[in-house]
Amino acid sequence: MTRTLVVDDDFRVGLHSDYVRRVQDFEVVGEAATVAEALAAVRTLHPDLLLLDIFLPDGSGLDILRRLSLLNGIVISGRDGASRCRCRKGPRSSCDRG
């Protein structure tokens with residue numbers, strides 16, 4: 001089971017969590033709305049994957065990935081012109097834009 005933390009300040013964050021709950025072998029272990037909340041949640045919940053909004057009130061989803069060297073993350077944004085990217089940290093760090 002892939003333990004997922006959903007990080008988004010939008011009121012529709014529940015939609016992201018509901019979607020993850022419907023994906024086989026994934027579970028939502030928590031939700032956060034800011035960089036600070038996400039970092040605290042990572043320390044207590046130990047997720048395997050972060051589903052991150054890129055624009056947060058106190059920083060960026062990318063800020064979270066930069067601070068955490070061993071987690072995988074998918075960065076999303078609903079804003080016009082913003083790209084989506086999947087980031088993998090660790091020995092084979094990468095960020096693919098799609």
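Proximity of P47 to T4: side-chain heavy atoms (C-beta onward) are nowhere separated by under 4.5 Å. Under the 4.5 Å side-chain criterion, counting only non-hydrogen atoms from C-beta, I64 is in contact with L39. In this structure, V7 and L51 have side chains that are not in contact, with every pair of non-hydrogen atoms separated by 4.5 Å or more. Counting heavy atoms from C-beta outward, D9 and F55 have side chains that stay 4.5 Å or more apart.
Atoms CG and CG, from L15 and D10 in turn, are 8.5 Å apart once rounded to the nearest 0.5 Å. Between the CD atom of E27 and the OG atom of S17 there is a distance of 12.0 Å, given to the nearest 0.5 Å. Residue D63 holds its CG atom at 5.5 Å from CZ of R66, rounded to the nearest 0.5 Å. Distance check: Q24 CD to T2 OG1 gives 11.0 Å after rounding to the nearest 0.5 Å. Taken to the nearest 0.5 Å, the CD atom of E31 stands 11.0 Å off from the CG atom of L45. Rounded to the nearest 0.5 angstrom, L65 CG and L50 CG are separated by 6.0 Å.
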Given side-chain contact (heavy atoms from CB on, under 4.5 Å), test L49 with L5 step by step and report yes or no.
CA-CA 6 Å; L49 176 70; L5 175 65; over 6 Å; no

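Contact between D48 and M1 at its shortest, heavy atoms only, is OD2-O, 3.6 Å. Taking both residues in full, the closest heavy atoms of P57 and T34 are given as CG-CG2, 4.2 Å, listed atom of the first, atom of the second, then distance.
In this structure a side-chain-to-backbone donor-acceptor pair under 3.5 Å is present from D58 to V35.
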